[in-house]
Amino acid sequence: MQTLSIYNTLSRNKELFKPLKAPHVGMYVCGPTVYSDVHLGNCRTFISFDIIYRYLTHVGYKVRYVRNITDAGHLESDADTGEDKVSKKAKLQQLEPMEIVQKYTVDFHNVLQQFNCLPPSIEPTATGHIIEQQEMAKTIIENGWAYEVDGTIYFDVEKFAKQNNYTALTGRKIDELFENTRDLDGQDEKRGRLDFALWIKAKPEHLMQWPSKWGQGFPGWHIECSAMSTKYLGEQFDIHGGGMDLAPTHHTNEIAQNIAYCGKQPCNYWMHTNMLTVSGQKMSKSLGNSFLPHELFSGNHPLLQKGYSPMAVRFFMLQTHYRSTLDFSNEALQAAEKGFERLVEAYKTLQQLIAQNSSPENIAELEKQCYNAMNDDFNTSVLIAHLFDAARIINSANDKKTTLTTTDIELLKKIFNHFFFDVLGLKIETEKNRSSEALTKVMDYVLEMRKKAKEEKNFALSDNIRDSLINAGIQIKDGKEGTNWKI
RNA sequence: GGUCCUGUGGCCGAGUGGCUAGGCUGAGCUCUGCAAAAGCUCCUACAGCGGUUCGAAUCCGCUCGGGACCUCCA
């Protein structure tokens, strides 16, 4: 097993990864609230955790990866005010709330599939775990950490913070939090200003509500994750992840709930992915600089000069470490697209490399460096740099400027299979008709014609053939071993 | 306003107290009938000002800029 270190938000340091029950690893990631098209920032988070899931699996762990779908209880404001996001959308579109949930869940799955993300082991929903959430709230009340006011259950943060480190995740000073939170004038039935709801009394017109011992209501936003992680991963598990914006409120409250419920920290390693910006500014609807995944793929957006394939985008994201902000720009995307293509071409070249008896290259060391990169807090950026080194060696060997033994070539293939495909989750996109048999035969014939023309010094014709192929979107490359082509 | 994070070459983006990140772009060379591709070389940076140190982009302080969350506002 590899020695892996992970940056833990709790300690603000990289720590050696020690699972509670190796080889089993429990990982929980906060999934999307399915009330609108999936945000590209969400995609980044889920792609990051897809890599983590893939790498842990690759090095031999048996990972149970749980990622929830929030389909109820997430209000417009995190201060337990405003409407439920799903219900609001349902009213606007005059649909059943579960129609909204279905529509955007399907959309979410489609997008992640295009990005080649593996499905999680379990994908539980908030509405599917109402009982569990009620039970957890009940226990928290019994344990003395929550109270009921007219059918709504609040978590007593002030009381909790006196005996526990409520702000462990962010290191904020609790006194300042109290000071900076304003009074919710008049309507406030909470005891403390930082208190948050575990269960909320539903008004009669509220579309999504369930019976409970406290009357009709619906769950608070934070309780679902505590309830579902506990149900499927136990009271304590290994990794909990999500976007950085979730740490101060959602995750902080989640930890409080778990401790209030069973007296234990829910997990050992908290991992947070950084945000997305567009040309240096944060991606937001109000700034008019946000676009959807399908707009990014098609290029159908004023900010996009062209479309970028899902794999190019995935590769682009992986060139930046998950804890750094990721900046979208046409220039950067195009650079990534070309770099990705370069690796794909090197992989194809690798398949037809001819082995020599000896080699000056140290491929075993290269493989080791790839593992080192991933072991250092999943540093995909450094891993990719090593893959480019591999590409240079492959191309050099193809140009007869270096030599590789059979062992070297096999090891290079293994490196690509393990890291490029399995761990980074990249794939070679097969354009329709790209390598249909008929086209291959036609190309063989056309290239034979061109070869003959060249032998007869009829360069006008050979160039004409080449230009015509370029017009048809096919590029040819003359090499020592003959001519290759690609679309 | 508060807390936290962050500032790297034309662009993107890793990184460690002293040793080439890598990709894209541009220039030159090799190869080639020419081109493309590929290889090699070059453009060699670390926001600014102080400090610690034999030595800092890497540690500390301040200034300026960017971001996240909270507050405010809409």
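Predicted, not measured: the structure shown is a model, and the values here were computed from it. Throughout, protein chains are lettered first and strands after them, A, B, ... in sequence-line order, and every chain is numbered starting at 1.
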Given the [atom1] atoms of [N] and [M], what is the spacing between them in whole Å?
N	M	atom1	answer
A47(B)	G65(B)	C1'	8 Å
A74(B)	U3(B)	C1'	24 Å
U53(B)	C40(B)	P	43 Å

Relative to Tyr7(A), does Arg323(A) satisfy both conditions: NZ or CZ under 6.0 angstrom from the six-membered ring centre, and within 45 degrees of the ring's axis? yes

Taking the six-membered ring of Phe49(A), is the NZ or CZ of Arg67(A) close enough (under 6.0 Å from the centre) and on axis enough (within 45°)? no

Does [X] make a side-chain N or O approach to OP1 or OP2 of [N] shorter than 4.0 Å?
X	N	answer
Ser324(A)	U6(B)	no
Asn398(A)	A38(B)	no
Arg450(A)	C34(B)	no
Lys400(A)	C31(B)	no

With a cut-off of 6.0 Å (strictly less than), are more than 12 heavy atoms of other residues, nucleotides or ligands near CG of Asn300(A)? no

For [X] and [N], what is the distance between atoms [atom1] and [atom2] respectively, to the nearest whole Å?
X	N	atom1	atom2	result
Leu276(A)	C69(B)	CG	C1'	17 Å
Leu326(A)	G67(B)	CG	P	15 Å
Asn274(A)	C4(B)	CG	C1'	12 Å

Sorted by first residue and then second, give each ring-ring contact (aromatic ring centres under 6.0 Å, His included) pair with at least one member in residues 364-401 of chain A; sequence neighbours left out.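 For residues 364-401 of chain A, and leaving out neighbouring residues, the ring-ring contact (aromatic ring centres under 6.0 Å, His included) pairs sorted by first residue read His58(A)-Tyr371(A), Tyr371(A)-Phe419(A).
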
Most 5' of Tyr322(A) and Lys401(A) on RNA chain B, judged by nearest nucleotide: Tyr322(A)

Of Gly339(A) and Asp376(A), whose closest RNA chain B nucleotide lies nearer the 5' terminus? Asp376(A)

Return the set of residues passing side-chain contact (heavy atoms from CB on, under 4.5 Å) with Gln163(A) (not counting sequence neighbours), or none when no residue passes. Trp145(A)

Can you list the stems that include RNA chain B, where a stem is three or more consecutive Watson-Crick or G-U pairs with distances under 3.5 Å? B:1-7 with B:64-70, B:10-12 with B:22-24, B:26-30 with B:38-42, B:47-51 with B:59-63

What do the steps show when you test Thr349(A) against Asn398(A) for side chain to side chain donor-acceptor pair (under 3.5 Å), and what is the final call? CA-CA 7 Å; Thr349(A) 303; Asn398(A) 193 231; 4.9 Å; no

Fit a plane to each ring of His251(A) and Trp270(A), take the angle between them on a 0 to 90° scale, and name the class: parallel (under 30°), tilted (30 to 60°) or perpendicular (over 60°). tilted

